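If you're wondering where the values come from, they're calculated on a predicted model, not measured in any experiment.
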Amino acid sequence: MRWLRRIGADFKARQHIDAYALTVVVFAFALLSVFSDALEDDLRWAVLFSGLGLLLYRLTLPAEPGSPPADLLHDRSVYDTAPLSSLFAHARDVRVFAPSAVNLLSARTCELLRTTVLAREKGSVRIVVLDPAERAAVRLAARQLDDSVEFPVQRLPASLEGTLERLRLMGGWKVEGGFEYRLLAYSPGFSLVLVDPETPRGRVIVEIHGFHNPSTSSRMHLELTRGRDERWYAYWVEQFDHIWQAATPDVRRFSSPAEAPRPASGGAVEARD
């Protein structure tokens with residue numbers, strides 16, 4: 001799907017049309033050569049040298065820094081064709097930070113996490129959301145996430161309370177993997193989703209909240225991979241690590257604050273009732 005989206009984006013931007021056209025011709029002649037001897041040798045050599053000439057020409061072209069990869073920049077509409085939940089199907093390590101995570105942690109996604117990541121012995125899910133006790137921080141985040149949206153469909157305080165109730169229920173699941181969530185004192189202005197970040201196939205999705213948006217789904221996000229975006233991939237993985245260390249357990253889950261576990265420096269910790 002990403003390959004098809006990249007080709008579609010190239011055609012929309014009218015990029016590399018010559019290369020695609022010659023590729024089609026080369027493949028057509030290759031197939032004809034396999035199943036038929038009717039093609040003249042001169043014609044075959046002409047196609048071959050045309051392809052070689054185009055390849056050599058493209059090697060001399062300067063890089064285009066203003067043209068990011070087609071699968072780097074998105075808004076949430078990309079999930080209509082490639083749902084984020086599909087990334088969880090084979091994952092073993094999922095890390096999330098979002099002010100309320102209400103859109104991500106739907107009942108369907110939570111069930112998917114239970115039957116995939118958390119069903120694996122070494123599966124790990126760590127989630128950080130805002131601390132509702134930090135009322136000033138929640139009010140300020142609501143100004144950015146609710147009041148500056150032209151067409152809001154939900155409110156942060158209510159969404160956050162709903163998410164916390166869901167996280168508390170998830171914390172009581174009897175599962176093979178490790179699950180823990182924590183609360184952060186303020187919103188840094190972005191959301192993060194990390195999928196298997198320590199592996200070569202890992203992905204990091206960074207959503208920038210911005211100052212004003214028509215809707216929540218119109219926010220820009222970046223989808224980074226280790227091989228293509230090594231520097232900034234590592235940067236955002238480290239950002240989550242800092243968030244996790246700064247966040248604190250939800251003491252309301254426990255009968256007294258003394259029962260709450262102390263924040264750890266890293267690693268997934270099982271939270272089971």
Within a strict 4.5 Å, meaning less than it, do heavy atoms of the [X] and [Y] side chains meet?
X    : Y    : result
V117 : F179 : no
F240 : P197 : no
R182 : T248 : no
R168 : Y181 : yes
H209 : P99  : yes
V129 : L105 : no

How long is the gap from [atom1] on [X] to [atom2] on [Y], to the nearest 0.5 Å?
X    : Y    : atom1 : atom2 : answer
M170 : E165 : CE    : CD    : 12.5 Å
L164 : D131 : CG    : CG    : 8.0 Å
S191 : N103 : OG    : CG    : 9.5 Å
I127 : L183 : CD1   : CG    : 11.5 Å
L112 : L87  : CG    : CG    : 10.0 Å
R120 : L118 : CZ    : CG    : 9.5 Å

Side-chain heavy atoms under 4.5 angstrom apart, residues restricted to Ile, Leu, Val, Met, Phe, Trp, Tyr: same cluster for I208 and L194? yes
Under 4.5 Å between side-chain heavy atoms, counting indirect links through other Ile/Leu/Val/Met/Phe/Trp/Tyr residues: same cluster for Y235 and V204 or not? yes
Among residues at least two apart in sequence or on other chains, which ones pass side chain to side chain contact (heavy atoms under 4.5 Å, CB included) with [X]?
X    : answer
E161 : P132, R252
V102 : S100, Q154, S159, T163
E238 : H242

So, for [X] and [Y], which heavy atoms are closest and what is the spacing to 0.1 Å?
X    : Y    : value
A107 : R166 : N-NH1, 3.0 Å
A141 : L156 : CB-CD2, 3.5 Å
A185 : A137 : O-CB, 3.1 Å

Answer yes or no: is there a donor N or O on one side and an acceptor on the other, between the side chain of R126 and the main chain of W244, under 3.5 Å? no
[X]: partners by side chain to side chain donor-acceptor pair (under 3.5 Å), with sequence neighbours left out:
X    : answer
R92  : none
S106 : T109
D196 : R201
R155 : D147

Taking ring pair (Phe, Tyr, Trp, His ring centres under 6.0 Å) as the definition, give me every residue that meets it alongside Y186, ordered by chain and number, with sequence neighbours left out.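 By the ring pair (Phe, Tyr, Trp, His ring centres under 6.0 Å) rule, Y186 matches no residue at all.
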With sequence neighbours left out, write down each residue that passes ring pair (Phe, Tyr, Trp, His ring centres under 6.0 Å) with F190, or none if nothing qualifies.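 F190: ring pair (Phe, Tyr, Trp, His ring centres under 6.0 Å) contacts with W236.
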Which pairs count as salt bridge (charged side-chain N to carboxylate O under 4.0 Å, His left out) when at least one residue sits in residues 102-116, sequence neighbours excluded? E111-R114
Pick out which of V96, L192, V193 makes a side chain to side chain contact (heavy atoms under 4.5 Å, CB included) with I205. V193
Listed partners of E198 passing salt bridge (charged side-chain N to carboxylate O under 4.0 Å, His left out), at least two apart: R95
